[in-house]
Amino acid sequence: MPSKSSARLAALTVAAVCSAASTVVLTSPAHADSVRIHDIQGNTRISPYAGRQVTDVTGIVTGVRTYGSSRGFWIQDPDADADPATSEGVFVFTSSTPKGVAVGDLVKVSGTVTEYVPGGTSSGNQALTEITRPTTTVVSSGNAVPAATVIDADSVPSAYVPAGDSAANNSVNGLPLKPSAYALDLYESLEGMNVQVSDTRVVGATDPYTELWVTVKPWENRNRRGGTVYGSYASQNTGRIQIQSLGATADFPKANVGDTLTGTTAGPLDYNQFGGYTLIANQLGTPRSGGLERETTEKQKNGELAVATYNVENLDPSDATFEEHAAAIVDHLRSPDIVSLEEIQDNTGAKNDGTVAADQTMQKLIDAIVAAGGPRYDWRSIDPANNTDGGEPGGNIRQAFLFNPERVSFTDRAGGDATTAVGVTEERGKAALTVSPGRIDPANAAWNSSRKPLVGEFAFRGRTVFVIANHFNSKGGDQGLTSQYQPVPRSSETQRHQQATLVNSFVKDILDTQKNADVVTLGDINDFEFSDTTKILESDGALWSAVKSLPRSERYSYVYQGNSQVLDQILVSPSIRRGCDFEYDSVHINAEFHDQISDHDPQVLRFKP
């Protein structure tokens with residue numbers, strides 16, 4: 001058997017093919033290496049044996065996965081070496097359901113060492129070291145499974161990941177692992193091994209894919225509702241880890257943020273496309289409710305205008321959530337005067353039939369609101385050109401205004417359509433829109449395959465209020481926090497920066513015409529309150545993100561991979577901010593719950609124009 005040092009000098013070959021396509025079982029050639037698991041794993045993220053045949057790799061089976069596209073089993077060497085950087089576990093990919101192996105079997109495996117990148121190399125994900133095309137011999141059964149390595153607040157470093165190697169496109173793949181210094185290095189050093197967490201708080205609710213997120217650091221950026229707040233690019237919350245299960249789907253807990261998995265949750269540590277390092281539990285803790293309840297905001301006071309934004313997640317007439325959305329608006333948002341809705345789909349939803357009108361969608365929601373005891377809202381929107389605004393193909397999502405005609409009036413100015421740009425003019429010394437509703441520069445390339453901002457001119461108690469409803473370019477295509485490239489590339493920002501520049505410029509046009517104009521810019525900005533996107537929107541003092549009026553622990557509208565974070569925002573012009581006579585509320589009714597009707601929490605601003 002070659003020494004570790006000689007093995008690490010071997011030429012590296014990374015197999016970037018999808019392992020699910022590997023179905024042929026090969027017999028190892030006579031000259032194949034006979035090595036230990038920690039030799040295969042090495043002390044970097046890429047195996048020094050990648051692309052090579054190995055023979056009689058010995059380990060005890062710690063888990064068997066019989067479902068999905070990545071079927072196989074994990075083995076672990078019970079005789080660990082002294083190097084904390086080298087994992088003692090590895091996944092054996094069998095393609096089809098593994099047969100003839102069970103937990104506790106001592107096996108010898110021969111096959112090809114492969115570095116499989118979940119999601120493909122373009123995803124930027126780290127690679128998972130596997131043995132593929134295996135032949136397996138069971139030596140004995142009923143052996144004790146190697147004791148699980150404890151992952152807890154004491155073992156997980158506060159730093160997330162080192163900066164990548166500038167000579168390798170900022171990849172961390174070739175860097176020696178430092179598990180005592182960086183959280184992702186620790187998790188990588190445990191890849192494939194039997195690990196455990198205990199009495200962990202849920203920070204990401206159970207999703208439709210039967211997974212949830214917990215934290216092993218109870219006080220890491222904790223908020224009062226039990227979540228972990230994501231407050232900067234430099235603070236990724238190292239205690240978060242995803243939990244899946246080898247058990248039956250029906251037995252997986254339906255957990256909310258703030259619940260606890262009591263006792264021990266244990267199993268092999270995997271790495272997958274959606275979430276990175278994941279504990280695949282063959283022992284699952286007992287869920288204990290944290291008693292989380294949906295919030296209700298305050299009713300607007302006399303003289304206050306209440307403006308809200310709410311992403312209703314691809315709402316179309318075929319959905320069964322209209323009553324629930326109506327209850328959210330009436331009971332939890334307390335019937336705001338103006339509601340900017342994002343992701344309103346056309347009348348036939350995802351049916352790609354050329355339909356662009358959404359009047360049936362809007363009417364069904366309005367009727368549901370009335371039935372829930374709310375006002376009979378009126379509405380305004382502009383139908384997009386078919387399949388030009390991104391989102392689900394055929395759905396034609398767009399923003400729409402709901403407004404209570406008993407409290408506020410809409411100033412209609414003819415001419416607004418999918419391709420006409422709204423402008424600013426002056427009427428009797430005050431700013432006015434050239435068309436209302438209108439869209440901001442819809443032909444600009446910044447809006448390619450993305451929603452165009454909807455602008456409306458409203459009147460409340462004799463004062464004009466301009467409202468700009470937005471749904472910026474999504475983060476789709478960005479690499480995850482566990483990317484091999486560090487700092488993480490965020491390619492989707494480029495388009496959002498262009499979009500923010502156009503909206504900021506339009507707001508400046510209003511303020512140049514009327515310095516004290518009341519402008520509310522709101523919606524699914526798809527970016528954080530500390531992001532450059534928000535800074536561009538705020539540039540030259542034209543706007544200010546009102547979510548920053550909240551304590552840092554309250555700044556979130558969305559929960560992603562266990563991070564409570566801001567995506568939905570309401571930004572205000574200086575006339576609204578200057579008097580500080582406003583109230584802002586992020587109303588937590590969806591993002592923290594496993595039975596959510598949208599993945600976004602609505603936001604409400606109350607102010608006196």
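Residues take their numbers from the sequence shown, with the count starting at 1.
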If only atom types and distance count, is the side chain of [X] paired as donor or acceptor with the main-chain N or O of [Y] below 3.5 Å?
| X | Y | answer |
| --- | --- | --- |
| Q244 | Q242 | no |
| S245 | G247 | yes |
| N311 | D524 | no |
| D152 | S155 | yes |
| N563 | Y230 | no |
| E343 | N314 | yes |
| Q345 | G395 | no |
| N237 | V229 | yes |
| R496 | N473 | yes |
| T132 | T112 | yes |

Measuring from atom [atom1] of [X] to atom [atom2] of [Y], what distance do you get when rounded to the nearest 0.5 angstrom?
| X | Y | atom1 | atom2 | result |
| --- | --- | --- | --- | --- |
| E115 | T129 | CD | OG1 | 3.5 Å |
| I280 | L269 | CD1 | CG | 8.5 Å |
| T215 | I241 | OG1 | CD1 | 10.0 Å |
| Q486 | L481 | CD | CG | 8.0 Å |
| L175 | E188 | CG | CD | 11.5 Å |

Does a donor on one side chain and an acceptor on the other come within less than 3.5 Å for [X] and [Y]?
| X | Y | result |
| --- | --- | --- |
| S235 | N221 | yes |
| N125 | S123 | yes |
| N169 | S171 | no |
| Q76 | T62 | no |
| D527 | T533 | yes |
| S557 | D568 | yes |
| Q53 | S110 | no |
| R71 | T97 | yes |
| T309 | E342 | yes |

Side-chain atoms of residues 250-258: list all donor-acceptor pairs with protein atoms under 3.5 Å, sequence neighbours left out, distances to 0.1 Å.
{"unit_1": "N256", "atom_1": "OD1", "unit_2": "H594", "atom_2": "N", "d": "2.9"}
{"unit_1": "N256", "atom_1": "OD1", "unit_2": "H594", "atom_2": "ND1", "d": "2.9"}

Relative to F91, does R65 satisfy both conditions: NZ or CZ under 6.0 angstrom from the six-membered ring centre, and within 45 degrees of the ring's axis?
yes

Which residue pairs pass the side chain to side chain donor-acceptor pair (under 3.5 Å) test with at least one member in residues 282-294, sequence neighbours excluded?
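Listed by first then second residue: R294-D595.
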
According to side chain to side chain donor-acceptor pair (under 3.5 Å), does anything in residues 139-150 pair up with another residue at least two apart or in another chain? List the pairs.
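Applying side chain to side chain donor-acceptor pair (under 3.5 Å) to every pair that reaches into residues 139-150, excluding sequence neighbours, yields D105-S141, S140-N143.
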
Residue pair [X] / [Y], side-chain heavy-atom distance below 4.5 Å:
| X | Y | value |
| --- | --- | --- |
| Q479 | Q484 | no |
| V107 | V139 | no |
| I243 | T278 | no |

Of V64, T66, V103, the residue whose pairing with F73 passes side-chain contact (heavy atoms from CB on, under 4.5 Å)
V64

Go through the steps for D81 and R36 under the test salt bridge (Lys or Arg N to Asp or Glu O under 4.0 Å), then give the verdict.
CA-CA 10 Å; D81 68 359; R36 303 279 289 279; over 6 Å; no

Quick one, R490 with D478, criterion salt bridge (Lys or Arg N to Asp or Glu O under 4.0 Å). Give me CA distance, side-chain angles, the key distance, then yes/no.
CA-CA 5 Å; R490 298 186 295 270; D478 282 4; 5.9 Å; no

For this output row, return yes or no: ring centroids of H325 and Y310 closer than 6.0 angstrom.
yes

Pairs where [range] contributes a residue and the test salt bridge (charged side-chain N to carboxylate O under 4.0 Å, His left out) is met, not counting sequence neighbours:
| range | value |
| --- | --- |
| residues 86-101 | none |
| residues 223-246 | R224-E295, R224-E554, R225-E295, R225-E592 |
| residues 169-187 | R45-D185 |

[X]: what forms a side chain to side chain donor-acceptor pair (under 3.5 Å) with it, not counting sequence neighbours?
| X | result |
| --- | --- |
| T238 | K217, E220 |
| Q236 | none |
| T482 | Y271 |

Taking all atoms of both residues into account, what is the closest heavy-atom pair of G477 and S491, and its distance?
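Smallest interatomic distance, heavy atoms only, reads O-OG, 3.8 Å.
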
Tell me if the OH atom of Y67 is crowded by more than 12 foreign heavy atoms within 6.0 Å.
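Count over threshold, so yes.
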
Considering residues, nucleotides and ligands other than Y560, do more than 12 of their heavy atoms fall under 6.0 Å from its OH?
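Atom OH in Y560 is not packed in, count stays at 12 or less.
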
Would you check, one step at a time, whether the test ring pair (Phe, Tyr, Trp, His ring centres under 6.0 Å) holds for H588 with Y556?
CA-CA 9 Å; H588 304 305; Y556 64 97; 3.9 Å; yes

Angle between ring planes, Y558 versus H600, binned at 30° and 60°: parallel, tilted or perpendicular?
tilted

D331 and T296: side-chain contact (heavy atoms from CB on, under 4.5 Å), yes or no, with the steps?
CA-CA 7 Å; D331 299 332; T296 298; 5.9 Å; no

Sorted by first residue and then second, give each ring-ring contact (aromatic ring centres under 6.0 Å, His included) pair with at least one member in residues 174-205; sequence neighbours left out.
Y187-Y277

Residues that A148 engages under side chain to side chain contact (heavy atoms under 4.5 Å, CB included), provided they are two or more places apart
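If we apply the side chain to side chain contact (heavy atoms under 4.5 Å, CB included) test to A148, skipping adjacent residues, the hits are N194, Q196.
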
Test side chain to side chain contact (heavy atoms under 4.5 Å, CB included) applied to F274 - qualifying residues, sequence neighbours left out
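Applying side chain to side chain contact (heavy atoms under 4.5 Å, CB included) to F274 gives N272.
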
